[in-house]
Enquirer: 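Handing you this structure, nothing more for now.
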Amino acid sequence: MNETKIALVTGANQGIGYAIATGLGALGYRVAVGARDAGRRETAVEKLRVAGVDAFGVPLDVTGDRSVAGAAELIEREAGRLDVLVNNAGISGQMGPGWVQDPTTLDLDLVRTVVETNVIGVIRVTNAMLPLLRRSSSPRIVNISSSVGSVTRQADPDIEIGPVMAAYAPSKSFLNAVTVQYARQLADTNILINATCPGLVATAFTGFHGPRTPEQGAATAIRLATLPNGGPSGAFYEDEGVVPW
């Protein structure tokens, strides 16, 4: 079996996803760049190759069954297995004034859209990639979450957690809970799965507001993607350590 490890990063054409792809590539991983937009995907692949990363593009819409199945088939043909899956693709959903999603006036279709991408999309991609991950000697799954998904922090009036985001924040709480369920189910395997918060990163997702660079936001995800065998599973991390549920 080829010793080069293979990593799929969803939403890897820009921002934190691109930084994760770059970081893993610098460690010698062959990186599958998962993204919906063909032009942005191929631009990202070319940039990674110029930087010395062995990268290839994977057409991937996490909300589509056929797209995800096609992505798994492409990785099967290209690499034969998968060592790392980083579920990075996510959306905030439409925000109101002050970047608020008011639960008292929330459009239910907005909630469905956010959960479809941030939670169901992760389940869809993870389950499609599991057969490939099981062929790895040290498979790792990293779910990109957010500290706003911490119910403990959200419920503490003494912690500044940002504006009310009644669709996005609960979607990340849901993702965290799903991560724990996977860890429980996979406890008797060598698959390690964890969630991470990249912090407030200046990317298109945040309107380029935030004190952190994409590289800083990618650091913990890269660490979790390269955990040694016997490492933690079913936990939620940020740079400073474990995030409370």
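Just so it is clear, the model here is predicted, and its values are computed rather than measured.
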Enquirer: Could you go step by step and tell me if I191 and L130 meet the side-chain contact (heavy atoms from CB on, under 4.5 Å) rule?
Expert: CA-CA 9 Å; I191 300 175; L130 272 175; 3.8 Å; yes

Enquirer: Have D239 and T220 got a donor and an acceptor in their side chains that come within less than 3.5 Å?
Expert: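 Checked: D239/T220 side chains pair up, N/O donor to acceptor below 3.5 Å.
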
Enquirer: State, to 0.1 Å, how close L24 and A225 come at their nearest heavy-atom pair, and which atoms those are.
Expert: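 In terms of heavy atoms, the two residues are closest at CD2-CB, 4.1 Å.
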
Enquirer: Considering all heavy atoms of both residues, which atom of C197 and which atom of F236 are nearest to each other, and what is their separation?
Expert: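 So the two residues come closest at N-CE1, 3.8 Å.
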
Enquirer: Run through L8, I193, V125, T179 and flag the one making a side-chain contact (heavy atoms from CB on, under 4.5 Å) with N87.
Expert: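 The side-chain contact (heavy atoms from CB on, under 4.5 Å) with N87 is passed solely by V125 among L8, I193, V125, T179.
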
Enquirer: Above 12 or not: heavy atoms from other molecules or residues under 6.0 Å from CZ of F174?
Expert: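 At most 12 heavy atoms, drawn from other residues, nucleotides or ligands, come within 6.0 Å of this atom.
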
Enquirer: Are L224 and V180 in one and the same hydrophobic cluster, where Ile, Leu, Val, Met, Phe, Trp and Tyr link if side-chain heavy atoms are under 4.5 Å apart?
Expert: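 Not linked; separate clusters.
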
Enquirer: May I ask you to say whether R49 pairs ionically with E42, meaning some side-chain N is under 4.0 Å from a carboxylate O?
Expert: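 Salt bridge absent between R49 and E42.
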
Enquirer: Closest approach of Y168 and Q101, non-hydrogen atoms and distance?
Expert: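 Here Y168 and Q101 meet closest at N-OE1, 3.0 Å.
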
Enquirer: Which of these passes side-chain contact (heavy atoms from CB on, under 4.5 Å) with S138: L192, L227, N229?
Expert: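 Per the side-chain contact (heavy atoms from CB on, under 4.5 Å) rule, the option paired with S138 is N229, out of L192, L227, N229.
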
Enquirer: Going hydrophobic residue to hydrophobic residue with side-chain gaps under 4.5 angstrom, can you get from V178 over to W245?
Expert: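 As far as the 4.5 Å side-chain criterion goes, W245 and V178 are not connected within one cluster.
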
Enquirer: Quick one, E116 with R124, criterion salt bridge (Lys or Arg N to Asp or Glu O under 4.0 Å). Give me CA distance, side-chain angles, the key distance, then yes/no.
Expert: CA-CA 10 Å; E116 178 65 46; R124 180 181 287 114; 3.0 Å; yes

Enquirer: Rounded to the nearest 0.5 Å, what separates atom CG in L110 from atom CE in M95?
Expert: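 The CG atom of L110 sits 8.5 Å away from the CE atom of M95.
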
Enquirer: Do Y182 and N127 have a side chain donor and acceptor closer than 3.5 Å?
Expert: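 Yes, because at least one side-chain N or O of Y182 sits under 3.5 Å from a partner of the opposite role on N127.
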
Enquirer: Could you go step by step and tell me if D102 and T104 meet the side chain to side chain donor-acceptor pair (under 3.5 Å) rule?
Expert: CA-CA 5 Å; D102 182 346; T104 68; 2.7 Å; yes

Enquirer: Can you get from V115 to V62 by hopping between Ile, Leu, Val, Met, Phe, Trp and Tyr side chains that sit under 4.5 Å apart?
Expert: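 Yes, it is one cluster - the side chains of V115 and V62 are joined through contacts under 4.5 Å.
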
Enquirer: Would a single hydrophobic cluster contain both I120 and L60, if residues Ile, Leu, Val, Met, Phe, Trp and Tyr are joined by side-chain heavy-atom contacts under 4.5 Å?
Expert: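 They do share one cluster, since a chain of ILVMFWY contacts under 4.5 Å joins L60 to I120.
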
Enquirer: Before accepting this row, confirm whether a basic side-chain N of the pair D156/R153 lies closer than 4.0 Å to the acidic partner's carboxylate O.
Expert: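 No.
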
Enquirer: Give the minimum heavy-atom separation between G11 and N88, together with the two atoms involved.
Expert: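 Closest heavy-atom pair between G11 and N88: O-ND2, 3.0 Å.
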
Enquirer: Side-chain contact test, heavy atoms from C-beta onward, threshold under 4.5 Å: evaluate it for L175 versus S146 and give yes or no.
Expert: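 Not in contact.
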
Enquirer: Write down the atom of N190, the atom of S137, and the distance for their closest heavy-atom approach.
Expert: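 Distance-wise, the nearest heavy atoms are ND2-O, 3.1 Å.
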
Enquirer: Are any of the side-chain nitrogens in R212 or E238 under 4.0 Å away from the carboxylate oxygens of its partner?
Expert: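 Between E238 and R212 there is no salt bridge, as every charged N stays at least 4.0 Å from the carboxylate O atoms.
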
Enquirer: In this structure, would L133 and F56 fall into the same cluster of hydrophobic residues linked by side-chain contacts under 4.5 Å?
Expert: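 The answer is yes; both residues are in one hydrophobic cluster.
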
Enquirer: Under 4.5 Å between any side-chain heavy atoms of S92 and M165, yes or no?
Expert: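 No, their side chains stay 4.5 Å or more apart.
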
Enquirer: For side-chain contact (heavy atoms from CB on, under 4.5 Å), just list the numbers for V243 and N176, CA-CA rounded to whole Å, side-chain angles, deciding distance to a tenth of an Å, and then say yes or no.
Expert: CA-CA 11 Å; V243 182; N176 293 343; over 6 Å; no

Enquirer: When you compare the side chain of V84 with that of K5, does any pair of heavy atoms fall below 4.5 Å?
Expert: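 Answer no - side chains too far apart.
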
Enquirer: To the closest 0.5 Å, what do you measure between CD1 (I6) and CZ (R135)?
Expert: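 Those atoms lie 12.5 Å apart.
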
Enquirer: If you apply the rule side-chain contact (heavy atoms from CB on, under 4.5 Å), what do you find for S145 with N143, and how did you get there?
Expert: CA-CA 6 Å; S145 184; N143 293 334; 5.7 Å; no

Enquirer: Could you measure the distance from the CG atom of D61 to the CG atom of D37? Nearest 0.5 Å is fine.
Expert: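 With rounding to 0.5 Å, CG (D61) is 11.5 Å from CG (D37).
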
Enquirer: About how many Å separate CZ of R134 and CG of L82, when rounded to the nearest 0.5 Å?
Expert: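 Here the rounded value is 13.0 Å.
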
Enquirer: Under a 3.5 Å distance rule, please check whether T196 uses its side chain to pair with a backbone N or O of Y237 as donor and acceptor.
Expert: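 Checked: pair present.
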
Enquirer: Side chains of residues 28-36: which donor-acceptor pairs under 3.5 Å do they make with residues two or more places apart or in other chains?
Expert:
| from | atom 1 | to | atom 2 | distance (Å) |
| --- | --- | --- | --- | --- |
| R30 | NH1 | E78 | O | 3.1 |
| R30 | NH2 | E78 | OE1 | 2.7 |

Enquirer: Hydrogens and angles aside, do S171 and N118 bring a side-chain donor and acceptor to less than 3.5 Å of each other?
Expert: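 Present: a donor and an acceptor within the cut-off.
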
Enquirer: Are there over 12 heavy-atom neighbours, none belonging to R184, within less than 6.0 Å of that residue's CZ?
Expert: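 Not buried by this count: 12 neighbours or fewer within 6.0 Å.
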
Enquirer: Does any N or O in the side chain of D83 come within less than 3.5 Å of the main-chain N or O of P139, such that one atom is a donor and the other an acceptor?
Expert: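 Not at all, since once roles are kept as given, no pair shorter than 3.5 Å links the two residues.
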
Enquirer: Determine the minimum heavy-atom distance between V114 and G93, stating which atoms define it.
Expert: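 Scanning both residues, the minimum pair turns out to be CG2-CA, 3.7 Å.
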
